[in-house]
Amino acid sequence: MSTEEKKETAAAEEIKEEKTEEVKTEAPKKEKKPKKESKKSQDSKEAVKEAVEKAVKEEKEKYIRLAAEYDNFRRRSQKEKESLYGDIRADVLTKFLPVYDNLERALKQETADEAYRKGVEMIMNQFVATMDKLGITEIDAQGETFDPEKHNAVMHIDDDAYGENEVVEVFQKGFKLGDKVIRFAMVKVAN
């Protein structure tokens with residue numbers, strides 16, 4: 001290549017560069033447009049969103065169930081405690097009922113020592129008062145109609161002087177704690 005050719009090539013390149021720079025400066029700057037998301041990416045985002053919402057809903061339902069189960073457990077435990085206390089109290093008091101029976105028999109016996117009798121009466125009154133404080137009540141039986149939920153019939157007589165299924169005699173008193181019978185009354189029933 002000759003020098004003239006080199007000069008012409010260099011000049012042509014300079015002109016190209018100048019034109020390119022002019023075009024660059026004159027051309028308005030293009031704003032970057034956000035790329036439109038493809039349909040696939042939108043579908044996948046919605047699927048993820050639905051999956052998350054479903055998982056949150058399931059966890060919320062689990063939480064509500066767990067809270068309800070705990071509330072039921074708490075109530076059941078409270079009822080069991082109360083019934084357990086009542087059952088234990090009834091069981092302990094049942095153990096003391098033979099003492100009551102013996103004191104009652106002692107009062108029925110005649111004695112010459114009036115101070116002794118008065119002492120047994122005081123013990124019996126104290127025992128009855130303690131039973132009342134604990135909620136133990138005597139089951140009425142004498143003259144009542146026989147009720148198998150409160151009475152235990154050990155004898156039966158036919159006597160027209162008494163009504164149908166009337167309790168004629170009480171052999172052993174019955175007691176209840178609230179509505180629960182802790183000892184049935186042992187009775188003789190007529191007709």
Under 3.5 Å, which donor-acceptor pairs link side chains of residues 61-71 to any protein atom two or more places apart or in another chain?
from, atom 1, to, atom 2, distance (Å)
D71, OD1, R74, NH2, 2.4
D71, OD2, R75, NH2, 2.7

Donor-acceptor list for residues 118-131 side chains, cut-off 3.5 Å, not counting sequence neighbours:
from, atom 1, to, atom 2, distance (Å)
N125, ND2, E121, O, 3.3
T130, OG1, Q126, O, 2.9

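Side-chain contact check for R117 versus E110: every heavy-atom pair is 4.5 Å or farther apart. Using a 4.5 Å heavy-atom threshold, the side chains of V168 and V189 count as separate. Between K54 and E50, every side-chain heavy-atom pair lies at or beyond the 4.5 Å cut-off. Residues M155 and E169 have side chains not in contact (no heavy-atom distance under 4.5 Å, counting atoms from C-beta outward). The closest side-chain heavy-atom distance from K173 to I139 is not below 4.5 Å.
A search for side chain to side chain contact (heavy atoms under 4.5 Å, CB included) contacts involving A141 returns H151, V167, V170, A185, V187, not counting sequence neighbours. Annotation: side chain to side chain contact (heavy atoms under 4.5 Å, CB included) contacts of I88 (sequence neighbours excluded): L84, V92. Listed by chain and residue number, nothing satisfies the side chain to side chain contact (heavy atoms under 4.5 Å, CB included) test with D179 (two or more places apart in sequence, or in another chain).
Atom OG1 in T145 sits 7.5 Å away from atom CG in N165 (nearest 0.5 Å). Note that CG of L103 is 10.0 Å distant from CZ of R105, once rounded to the nearest 0.5 Å. Atom NZ of K180 sits about 8.5 Å away from atom OG of S83, to the nearest 0.5 Å. Rounding to the nearest 0.5 Å gives a distance of 14.5 Å between CZ of F146 and NZ of K188. Atom CD in E138 sits 9.5 Å away from atom CZ in R183 (nearest 0.5 Å). A distance of 13.5 Å separates CG in D101 from CZ in F96, rounded to the nearest 0.5 Å.
For residues 160-187, the pairs satisfying ring-ring contact (aromatic ring centres under 6.0 Å, His included) are Y100-F175, with sequence neighbours left out.
Between the side chains of E82 and Q78, at least one donor-acceptor pair of N or O atoms lies under 3.5 Å.
The number of heavy atoms from other shown groups lying within 6.0 Å of CG (D91) is above 12.
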Would you please test L177 and R89 for side-chain contact (heavy atoms from CB on, under 4.5 Å) and show each step? CA-CA 9 Å; L177 176 64; R89 189 169 63 168; 3.3 Å; yes
#### Entry: Pair K150-D140, salt bridge (charged side-chain N to carboxylate O under 4.0 Å, His left out): steps then yes or no
CA-CA 9 Å; K150 297 188 287 185; D140 294 329; over 6 Å; no
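Annotation for V154 and M186: closest pair CG1-CG, 3.4 Å, computed over non-hydrogen atoms.
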